[in-house]
Amino acid sequence: AETGDEPGAIENLEKASEMNPRGPAIWNNLANLYGHIGPIARAFPAYEKAIELNPYEPVYRYNLATVVFLFRKDAMEYYRCDEQAVFDRALAMYKEVRRLRPHNFRYAFDYAQTYYGVKPAPSDTPEGKRLAELKLAAAARTGWLEALELSDNPVDREGIFLHLARWNI
């Protein structure tokens with residue numbers, strides 16, 4: 001894959017997965033390539049296999065959450081759900097990644113970023129709608145504040161302050 005022959009890499013990783021179906025890194029790398037050049041529908045089960053084989057490696061969950069978030073329409077089809085359920089799934093996976101690696105800035109940042117796709121819980125009243133909006137904004141701000149705590153440079157911090165300002169507005 002690093003030499004630019006991604007189709008050849010897929011072919012070799014598919015062979016490797018047949019020879020060693022219990023190798024989670026093989027499944028993760030194969031899923032990465034499916035996510036990069038397709039077919040995307042094959043990335044989901046390959047990431048799930050990597051997670052099944054090693055549920056304590058956060059990068060596998062992180063990669064799956066990212067693909068679910070970025071390829072929402074494909075995820076909706078694969079998981080047979082609507083777009084909001086896809087966002088909820090990505091958010092839940094990022095949350096688990098955060099639990100497994102609580103001190104990782106990139107994981108915290110992407111978790112907080114996911115809140116932009118989440119919609120407030122539906123409500124029949126204006127008061128209920130507003131409460132749902134405030135609850136969502138509070139959760140997003142908490143995510144951004146966690147990322148801010150892990151930031152180690154002023155550029156990232158300035159960007160996070162912009163995200164916090166958006167959620168405060």
Side-chain angles (χ1 to χ4, degrees), residues 1-122 136-137 139-140 142-144 146-147 150-151 156 159-160 162-163 166-167:
E2 291 179 16
T3 65
D5 184 10
E6 290 174 330
I10 287 177
E11 184 179 320
N12 284 316
L13 283 167
E14 286 174 343
K15 287 178 191 173
S17 72
E18 291 170 10
M19 294 170 59
N20 181 13
R22 308 271 317 142
I26 294 168
W27 291 102
N28 180 68
N29 292 336
L30 186 55
N32 287 343
L33 286 165
Y34 289 143
H36 190 251
I37 66 167
I40 191 66
R42 295 185 74 183
F44 303 115
Y47 282 130
E48 289 170 350
K49 184 69 174 178
I51 293 165
E52 173 191 321
L53 294 170
N54 186 356
Y56 304 106
E57 175 51 61
V59 74
Y60 304 154
R61 291 176 192 277
Y62 173 80
N63 290 343
L64 177 57
T66 301
V67 167
V68 166
F69 183 78
L70 292 176
F71 296 98
R72 291 183 282 283
K73 290 188 189 305
D74 297 286
M76 288 167 52
E77 187 175 313
Y78 179 78
Y79 292 110
R80 294 190 170 116
C81 63
D82 64 15
E83 186 175 41
Q84 191 56 47
V86 166
F87 283 122
D88 291 344
R89 180 180 295 271
L91 195 60
M93 283 187 279
Y94 280 131
K95 188 179 269 190
E96 179 63 12
V97 168
R98 293 279 298 125
R99 186 188 69 76
L100 291 168
R101 287 291 188 292
H103 303 293
N104 183 297
F105 172 75
R106 174 56 44 205
Y107 293 166
F109 186 93
D110 286 355
Y111 170 72
Q113 187 84 6
T114 305
Y115 278 101
Y116 284 115
V118 177
K119 293 180 180 146
L136 175 61
T142 297
W144 285 113
E146 289 173 1
L150 297 172
S151 172
D156 286 340
I160 291 169
L162 288 173
H163 290 292
R166 286 179 184 160
W167 282 103

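Start at 1 with the first residue, then count along the sequence.
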| message | Set out, in order, the CA-CA distance, both residues' side-chain angles and the distance that settles side-chain contact (heavy atoms from CB on, under 4.5 Å) for Tyr111 and Val97, then state yes or no. | response | CA-CA 9 Å; Tyr111 170 72; Val97 168; over 6 Å; no
Rounded distance (nearest 0.5 Å) linking atom [atom1] of [X] with atom [atom2] of [Y]:
X      : Y      : atom1 : atom2 : value
Glu146 : Thr142 : CD    : OG1   : 6.5 Å
Met93  : Glu96  : CE    : CD    : 11.0 Å
Tyr115 : Trp167 : OH    : CH2   : 9.0 Å
Phe109 : Asn104 : CZ    : CG    : 12.5 Å
Asn12  : Leu33  : CG    : CG    : 10.5 Å
Leu91  : Asp110 : CG    : CG    : 12.0 Å

Taking all non-hydrogen atoms of both residues into account, name the closest pair between [X] and [Y] and its distance.
X      : Y      : value
Pro24  : Tyr60  : CB-CE1, 3.6 Å
Asn28  : Ala50  : N-CB, 3.8 Å
Pro39  : Tyr34  : O-CB, 3.6 Å
Pro102 : Arg99  : CD-O, 3.6 Å
Leu150 : Ala108 : CD1-CB, 3.7 Å
Ile26  : Leu13  : CG2-O, 3.7 Å

| said: Set out, in order, the CA-CA distance, both residues' side-chain angles and the distance that settles side-chain contact (heavy atoms from CB on, under 4.5 Å) for Trp27 and Ile51, then state yes or no. | reply: CA-CA 9 Å; Trp27 291 102; Ile51 293 165; over 6 Å; no
| query | With a distance cut-off below 6.0 Å to the six-membered ring centre and an angular limit of 45° from the axis, does Arg42 pair with Phe44 as a cation-pi contact? | reply | no
| Do the ring planes of Trp144 and His163 sit parallel (below 30°), tilted (30 to 60°) or perpendicular (above 60°)? |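 Rings of Trp144 and His163: parallel, under 30°.
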[X] side chain near [Y] side chain, heavy-atom distance below 4.5 Å:
X     : Y      : answer
Tyr62 : Arg106 : yes
Asn63 : Val67  : no
Phe87 : Arg72  : yes

| task | Check the surroundings of atom CD in Glu52: do more than 12 heavy atoms from other residues, nucleotides or ligands lie under 6.0 Å from it? | result | yes
| message | Quick one: does any side-chain atom of Arg61 pair with a main-chain N or O of Arg98 as donor and acceptor, under 3.5 Å? | response |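 No: the side chain of Arg61 does not pair with the backbone of Arg98.
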| task | May I ask you to decide if Ala25's main-chain N or O and Asn29's side chain share a donor-acceptor pair within less than 3.5 Å? | result |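 Such a contact is found between Asn29 side chain and Ala25 backbone.
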| query | Between Glu18 and Lys15, is the closest basic N to carboxylate O distance under 4.0 Å? | reply |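 Between Glu18 and Lys15 there is no salt bridge, as every charged N stays at least 4.0 Å from the carboxylate O atoms.
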